[in-house]
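One structure is given below, encoded as structure tokens.
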Amino acid sequence: MIYGEIIHSSHPDHKLILEHRDTPYNCDGCKELGFGSRYTCEESCNFHLHKDCASPEATITHPFFPGCLFHFHAIGKPDRFCDACGRDIKGYVYHCFRKGWDLHPSCALLPRIIEDGEMKLVLRREVTSKCYRCGKKELRKGAKSWSYVSTCKECHLHVACVKEILLENWEKKRPRDGKFECRAETENSLALESRDSKLQIVLQKKESKPGKLAKFTKMLKIAITLIMAAVVGDPTALVATLIASLINH
Ligand SMILES: [Zn+2]
Ligand SMILES: [Zn+2]
Ligand SMILES: [Zn+2]
Ligand SMILES: [Zn+2]
């Protein structure tokens, strides 16, 4: 077998090819969003897997859950949600039998620190400030979401809220069959809107001086872009830059 090609048990009839495309996809393993690098069926099945979903570890540990061992399962129990992003578990999952925690593979692998020039974002399980997207500390009753907080403490965003911004924008482009098409052209394949309505409202409350607001908005945009690249399972500078260019389009 050539490097970058695999046969996967979830799609055994065709080879999957590792490739990088500037289009979003639904991962057929964890059912979560993906962007950038992925394993794609070489036939036109529209079948995709995150790299980390294609070759998961049998067990993992996570620094946020000391003493817990997470086991990989292709199908989780029904009605479970991810303890990192608060979203439903619909496919591949890392599960801890001892405490009952569930993590999407892409959430389990979220980088603890994202750094880009002046911006440094740290992944936190508990936060003291409110998220700039939803205006809340806790996502919703009973469901928490991890957050990225900038080291200057200015910027706080739930992982769940960044996923929501992505979904809202991608959903508009979703074809009838519920799957994203994989088109060869990159232009307009992901039209993220620069003005997220909910985000604007929170921002207006935060700062009233126009100069400060502009600076803060710029910083927030960089933060969202970096977190987006991380949540889609490809936290590379290339993907972050690409998403940024699409946001600013
Ligand atoms: Zn996946
Ligand atoms: Zn196929
Ligand atoms: Zn998750
Ligand atoms: Zn939020």
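Counting starts at 1 for both ligands and their atoms, in listed order. On a predicted model such as this, the values are computed, not experimentally measured, just so you know.
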Evaluation steps, side-chain hydrogen bond (donor to acceptor under 3.5 Å, both in side chains), between Thr40 and His48: CA-CA 5 Å; Thr40 297; His48 314 278; 3.1 Å; yes
His104 and Ser106: CA distance, side-chain angles, deciding distance, side-chain hydrogen bond (donor to acceptor under 3.5 Å, both in side chains) verdict: CA-CA 5 Å; His104 290 124; Ser106 55; 5.4 Å; no
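The one candidate from Cys41, Ser10, Cys30, Pro105 that meets the side chain to side chain contact (heavy atoms under 4.5 Å, CB included) condition with Leu49 is Ser10. Of the residues listed (Lys144, Glu164, His158), the one engaging Leu139 in a side chain to side chain contact (heavy atoms under 4.5 Å, CB included) is His158, and it is the only one.
Remark: Thr151 pairs with no residue by the side chain to side chain donor-acceptor pair (under 3.5 Å) rule, at least two apart or across chains.
Between Cys27 atom SG and Leu33 atom CG the span is 10.0 Å, to the nearest 0.5 Å.
Considering the Zn ion (ligand 4) as centre, the angle to SG of Cys134 and to SG of Cys131 is 110° (10° rounding).
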Exercise answer: donor-acceptor pairs, residues 55-71 side-chain atoms, under 3.5 Å, sequence neighbours excluded:
residue, atom, partner, partner atom, Å
Ser55, OG, Lys51, O, 3.4
His62, ND1, Phe64, N, 3.0

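Closest to the Zn ion (ligand 4) among the N, O or S atoms of His158 is ND1.
Excluding waters, the count of protein N/O/S atoms less than 2.8 Å from the Zn ion (ligand 3) comes to 4.
At distances below 3.5 Å, at least one donor-acceptor pair connects side-chain atoms of Arg38 with backbone N or O atoms of Gly36. Of the possible donor and acceptor atoms, one in the side chain of His95 sits under 3.5 Å from a partner among the backbone N and O of Trp101.
Tyr25 has its ring centre no less than 6.0 Å from the ring centre of Phe35.
Excluding waters, the set of protein N/O/S atoms under 2.8 Å from the Zn ion (ligand 2) reads His11 NE2, His14 ND1, Cys41 SG, Cys45 SG.
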